[in-house]
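First comes the structure, then the notes that go with it.
Counting starts at 1 for both ligands and their atoms, following the listed order.
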Amino acid sequence: MTRADKLLARSGLYTRSEARGLIRAGRVTIGGCTVSKPEDKFPDGAAVLVDGSEVNCEEFRYFMLSKPAGILSATDDSRARTVLDLFPPELRRLGIAPVGRLDKDTTGLLLLTNDGDFAHRVISPKSGVVKRYLARTAVQTGPEDAEAFAEGLTLADGTRCLPARLEPLEGCRCLVYVREGKYHQVKRMLAAVGKPCLELRRESIGGLELDPALGEGEWRELRQFERSLVFNSSVYIGG
Ligand code: URA
């Protein structure tokens, strides 16, 4: 159970004191009842309406973004644009943050949420969530690279990687599947086999694919079943 003003402020649309004003003015309905006291408590999932229009007051929110190149996967930066700049102020106010990072020049699927436990579970190598990347390399990859990835690469600085999967495609492109998220991991793995990466795009996280309807820089809220899809991948990459 949560206080009415706190529940309404979760929308990001109103501050706690604005929420109190709306409630005292009789403009807020929660779970079908018009609320007059901000301190009255309601179940977390109750429908909240302001002036008859429903407002999303869920505690945790989850978004997928089609990240464009040239934008930082950070919450704020004094000089550069960040992925948060692609969201409206009421959602930025909710404390959403990227789940892991994509490099500035990497495009594709980026999740954002204010649910720290969810983010941790997605990122932790222990969860085994496999991320699929489409890479364009300077040199065509082949079966020998697939073998090296499957064995578990050692990067130039001695870092050991978990076994991963590489599928060569036509035209100097390949798919790379990894289940950890070390700094510049895919680029460094490709460099380690002498196939420098020229372009990188994340296509999926676990069983969740980037929605092809999203243009670069566009985002949408995840549906509930999509949250579980993240932990529901059928790709086996060994190890
Ligand atoms: N690996 C990289 O090298 N860069 C990314 O942005 C993501 C994975």
**Asked** So, Asp44 versus Thr2: side-chain donor-acceptor pair below 3.5 Å or not?
**Response** yes
**Asked** Do Lys187 and ligand 1 have an N or O pair less than 3.5 Å apart?
**Response** yes
**Prompt:** Nearest to atom 4 (N) of ligand 1, what protein heavy atom do you find, and at what distance?
**Reply:** Asp103 OD2, 2.7 Å
**Message:** So for ligand 1, is Val186 a polar contact partner (N or O within less than 3.5 Å, distance only)?
**Reply:** yes
**Atom indices of ligand 1, in the order listed, that fall short of 4.0 Å to a heavy atom of Thr106** = 4 (N), 5 (C), 6 (O)
**Message:** Does the plane of the ring in Trp219 sit parallel, tilted or perpendicular to the ring in Phe87? Use 30° and 60° as the thresholds.
**Reply:** parallel
**Request:** Could you list which atoms of ligand 1 come closer than 4.0 Å to a heavy atom of Leu200?
**Result:** 1 (N), 2 (C), 3 (O), 4 (N), 5 (C)
**Asked** Can you tell me how far the CG atom of Leu8 sits from the CG atom of Leu49, to the nearest 0.5 Å?
**Response** 10.5 Å
**Message:** Ring centroids only, cut at 6.0 angstrom: are Phe118 and Tyr62 within range, meaning strictly under it?
**Reply:** yes
**Message:** If the test is side-chain contact (heavy atoms from CB on, under 4.5 Å), which one of Glu221, Arg227, Glu226 qualifies with Gln224?
**Reply:** Arg227
**Asked** Do ligand 1 and Tyr133 have nitrogen or oxygen atoms that lie under 3.5 Å from each other?
**Response** no
